[in-house]
Amino acid sequence: MTAKSVYSVCGMCTVRCPIKVTVEDGQVTFLQGNPHVPAMKGAVCPRGAAGNALITDHERPQAPMIRCGARGEGKWRTVSWDEAFDYVADKLKAIKDQHGARAISLTDRGGPFRDMHRALLRGLGSPNYCNHDSSCARNVQHASMSVTGMGRKGYAYDLKNAKHVVLQLRNIFEAINVQEVNNLMDAMENGCKLTVIDIRATVTASKATRYFQVRPGSDYAFNLAVIHELLKKRLYDEKYAARYIEGLRELEQFIEPYSPEWAEGETGVDPSELRQFARELAAAKGAVIWHPGWMAARYRDSFYVCRTAYIINALLGSFGAKGGMPFVSKPADVGRNDLKAFVDLYPKPADKRADGLGWRYTHFEEGPGLAHLMYEAMESNDPYPVKAYIAYRHDPLMGFPDPERLKQIFSNLDLLVAVTFSWSDTAWFSDVVLPLSPYLERESIIATKNALKPQFFVRHRAIEPRYDTRADWEIVGGLAKRLGLPELVFDRVEDIWRFQLEGTGVGMEEFDKSGMVNLSDKPIYKDINNLKFKTGSGKIEIISPKLTKAGLPSLKVYEPPQTPPEGTFRLTFGRCALHTQGHTVNNPLLFEQAPINPLWINAKAAAKLGIANGDTVVVSQGDLEQTTVAKVTEFIHPEAVFLIHGFGHRLPVESRAFGKGIADQDFMRGALTNWDPAGGAIAYQEYFVAVRKA
Ligand SMILES: Nc1nc2c(c(=O)[nH]1)N[C@H]1C(S)=C(S)[C@@H](COP(=O)(O)OP(=O)(O)OC[C@H]3O[C@@H](n4cnc5c(=O)[nH]c(N)nc54)[C@H](O)[C@@H]3O)O[C@H]1N2
Ligand SMILES: Nc1nc2c(c(=O)[nH]1)N[C@H]1C(S)=C(S)[C@@H](COP(=O)(O)OP(=O)(O)OC[C@H]3O[C@@H](n4cnc5c(=O)[nH]c(N)nc54)[C@H](O)[C@@H]3O)O[C@H]1N2
Ligand code: SF4
Ligand SMILES: [Mo]
């Protein structure tokens with residue numbers, strides 16, 4: 001028997017935890033957290049532990065496929081990679097000849113491994129790259145930029161050293177990042193307080209020092225009242241504010257009407273509890289993290305919830321502080337060169353973007369675009385036709401709302417390609433499926449992690465592909481070869497790594513020991529007395545000139561959320577520890593643990609409807625009906641019902657997931673055009689459903 005250990009990167013979700021894979025006789029026999037990273041504590045989460053079931057599952061695309069029936073009909077012809085590449089390249093060339101390169105679009109999941117496919121798109125000459133983020137964290141990102149001029153990943157969450165962590169719209173023990181979970185648990189053992197603000201009592205809430213159940217959609221009122229209290233009682237860090245905050249006067253004036261008593265009417269939170277909470281925050285000043293949220297694409301005012309979260313962090317002196325949100329370092333900050341990027345081989349395309357960013361909308365960060373606006377262009381041909389679309393590690397028919405409408409939009413395309421390792425609604429609706437090898441069967445390009453301890457890391461291939469699937473670099477290379485971009489074509493991944501590492505002073509052999517190369521020995525905390533924010537003033541700005549220029553308020557007057565129409569509930573959603581988005585429900589191991597998404601419903605509301613725990617219930621909205629089981633609980637706000645996102649699969653190729661549970665995105669009809677004009681993200685939680693016993 002031959003056994004080896006491979007240092008790699010988990011791919012069961014986008015957190016991409018460092019892992020160690022044990023391989024015996026070509027089979028994966030053990031998966032664990034990379035022992036060289038203390039915060040992993042040798043562990044992976046349940047999804048990470050189910051990685052091998054993804055490999056052995058034959059219910060995934062096993063070879064390239066070209067559609068032969070109508071779109072979505074599910075009639076496929078299995079083809080060779082050569083034929084698939086030829087087919088896609090010929091179509092792309094024809095579309096480019098007819099409409100120009102800008103008619104080609106690509107979306108992905110963002111993250112550190114996208115250099116080569118972004119380079120492919122840019123090499124073709126198209127500006128139309130978007131990531132998925134208008135369905136996820138765009139409001140957080142734009143809120144961060146509007147306050148500090150820095151992106152949300154410009155600071156770390158220094159959970160390990162925190163004294164008080166506030167999770168609002170953030171379920172950290174179920175929507176998992178392993179290192180964050182471990183760091184927060186360590187901090188709590190050392191006395192760190194945890195406050196959870198949610199509409200339901202999650203696992204995280206059950207571990208919290210303090211839990212506030214707020215009325216769905218009223219978080220902005222909650223935050224305004226906290227700011228009111230911090231300012232009125234002078235509980236904030238006055239020295240820090242004097243030094244770093246611009247616009248405190250305006251904030252003080254604006255906040256005047258938003259007292260804790262006022263907020264109670266919106267949120268349902270007792271003013272004396274809110275006051276006590278504000279005092280506790282003040283006591284932990286500097287080492288407070290008020291989490292600005294992650295999946296914050298929820299309401300029309302979610303951007304302002306995130307903005308106020310950042311403003312509270314500023315008032316408490318958390319930006320740049322140990323135990324708060326210290327600034328991360330880039331390779332350049334430690335005197336090192338960053339990786340060489342393939343995308344830099346090509347000039348920025350001259351055409352304006354189809355989604356309007358950079359010209360129609362100037363207050364948004366341009367790079368990752370807003371995918372839902374690009375979809376609009378696919379339908380309207382405004383500003384110009386977009387005819388080819390590569391969904392690269394992205395399932396918009398599951399991840400964006402209103403799939404029926406999106407299918408209509410995609411029907412205008414001349415080419416829809418899915419690059420994926422699992423079946424997905426989008427892959428099923430596409431013209432060509434290019435099957436990616438799952439993460440244990442492929443290597444990736446080297447990536448940079450900007451962090452307190454910046455590093456380079458790489459995913460090594462643990463085992464050879466079981467089916468006729470390929471790695472990203474092989475797929476990009478296969479297309480690039482046919483599209484006249486020879487600089488993206490490689491026979492060996494080592495040559496790619498060599499290209500990336502040129503000028504960094506790092507050799508590939510340095511990755512053998514742990515899969516990563518640290519660019520500094522210990523965490524770097526920048527001098528808190530000498531912080532430079534990336535705004536015009538170099539300070540934290542309460543009033544954002546970019547928003548003002550766009551005609552948008554920096555401090556928005558509060559508007560209450562809509563009360564659910566009689567007989568309906570607000571449809572809310574989130575994650576569970578056992579699944580990742582929509583792509584693990586059919587995983588044999590994870591399916592066994594969580595085969596359906598029950599509907600959380602408040603006990604009193606359920607009693608009125610004659611619904612008992614475990615009953616089958618019908619969730620409806622007009623003519624649309626779907627069925628699941630009821631989870632009757634006191635621990636959810638009576639205005640809301642809640643579902644885990646990602647269920648309700650309807651693909652015959654997924655025998656386990658098929659027909660189980662509810663697809664929440666189906667109930668968000670019209671949501672593609674209901675987005676936050678200031679934050680850019682979709683407002684997913686502005687929809688209502690009726691519930692009855694089946
Ligand atoms: N296990 C697992 N972990 C994951 C993922 C996964 O799919 N599975 N996905 C990853 C990704 S892509 C993301 S974006 C993150 C998401 O991470 P989170 O944003 O933390 O996760 P969610 O479960 O979407 O939402 C958090 C909480 O918001 C609450 N909520 C809903 N409406 C309201 C409201 O009006 N007010 C308040 N205060 N709370 C509300 C929900 O009840 C839920 O508990 O998780 C990441 N980690
Ligand atoms: N209604 C509703 N909509 C939501 C959410 C919700 O809670 N409710 N959550 C939102 C959130 S937070 C997010 S992040 C988005 C997620 O939406 P997506 O970004 O689409 O998420 P995933 O399901 O992670 O990945 C999409 C596809 O990529 C494939 N894939 C996974 N890993 C890889 C890989 O390494 N390479 C390649 N090429 N393919 C891969 C998967 O098999 C899957 O088919 O959805 C959002 N949409
Ligand atoms: S959080 Fe879990 S699924 Fe995600 S990368 Fe880490 S171990 Fe893998
Ligand atoms: Mo997300």
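We count ligands from 1, going down the list as the structure has it; atoms in each ligand are counted the same way. Worth saying up front: this structure is predicted, and the values here are computed from it rather than measured.
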Legend entry - Backbone of G679 reached by a side-chain donor or acceptor of H142 within 3.5 Å: yes
Starting from the N and O atoms of ligand 2, find every protein N or O within less than 3.5 Å and list the pair with its distance.
from: ligand 2; atom 1: 1 (N); to: D664; atom 2: OD1; distance (Å): 3.4
from: ligand 2; atom 1: 1 (N); to: D664; atom 2: OD2; distance (Å): 2.9
from: ligand 2; atom 1: 7 (O); to: R575; atom 2: NH2; distance (Å): 2.8
from: ligand 2; atom 1: 8 (N); to: H645; atom 2: ND1; distance (Å): 3.1
from: ligand 2; atom 1: 8 (N); to: D664; atom 2: OD2; distance (Å): 2.9
from: ligand 2; atom 1: 19 (O); to: H132; atom 2: ND1; distance (Å): 3.3
from: ligand 2; atom 1: 20 (O); to: D395; atom 2: N; distance (Å): 2.8
from: ligand 2; atom 1: 21 (O); to: R109; atom 2: NH1; distance (Å): 3.3
from: ligand 2; atom 1: 24 (O); to: R109; atom 2: NH1; distance (Å): 2.6
from: ligand 2; atom 1: 25 (O); to: R393; atom 2: NH1; distance (Å): 3.2
from: ligand 2; atom 1: 32 (N); to: R393; atom 2: NH2; distance (Å): 3.3
from: ligand 2; atom 1: 35 (O); to: R442; atom 2: NH2; distance (Å): 2.8
from: ligand 2; atom 1: 38 (N); to: V419; atom 2: O; distance (Å): 3.3
from: ligand 2; atom 1: 42 (O); to: T420; atom 2: OG1; distance (Å): 3.4
from: ligand 2; atom 1: 42 (O); to: S422; atom 2: OG; distance (Å): 2.3
from: ligand 2; atom 1: 47 (N); to: G399; atom 2: O; distance (Å): 2.5

Legend entry - Output field: ring centroids Y467/F421 closer than 6.0 Å: no
Legend entry - Salt-bridge contact D108-R393 (side-chain N to carboxylate O under 4.0 Å): no
Legend entry - Salt bridge present between D402 and R669 (N-O < 4.0 angstrom): no
Legend entry - Ring centroid separation F688 to F667 under 6.0 Å: no
Inset, instruction - Apply side chain to side chain donor-acceptor pair (under 3.5 Å) to the pair H583 and D395, showing each step before the final yes or no. - result: CA-CA 9 Å; H583 74 79; D395 182 9; over 6 Å; no
Inset, instruction - May I ask you to decide if T14's main-chain N or O and R16's side chain share a donor-acceptor pair within less than 3.5 Å? - result: yes
Legend entry - With sequence neighbours excluded, residues passing side chain to side chain contact (heavy atoms under 4.5 Å, CB included) with T448: P331, D338, L339, N450, F456
Legend entry - Environment of atom 4 (Fe) of ligand 3 in terms of protein N/O/S atoms, cut-off under 2.8 Å: C13 SG
Sequence neighbours left out, cut at 3.5 Å: what donor-acceptor pairs do the side chains of residues 650-663 make with other protein atoms?
from: R650; atom 1: NH1; to: G648; atom 2: O; distance (Å): 3.0
from: E654; atom 1: OE1; to: H649; atom 2: ND1; distance (Å): 2.7
from: S655; atom 1: OG; to: E59; atom 2: OE1; distance (Å): 3.2
from: S655; atom 1: OG; to: E59; atom 2: OE2; distance (Å): 2.8
from: R656; atom 1: NE; to: N586; atom 2: O; distance (Å): 2.8
from: R656; atom 1: NH2; to: D57; atom 2: OD1; distance (Å): 2.8
from: R656; atom 1: NH2; to: D57; atom 2: OD2; distance (Å): 2.8
from: R656; atom 1: NH2; to: E59; atom 2: OE1; distance (Å): 3.2
from: R656; atom 1: NH2; to: N586; atom 2: O; distance (Å): 3.0
from: K660; atom 1: NZ; to: R656; atom 2: O; distance (Å): 3.2

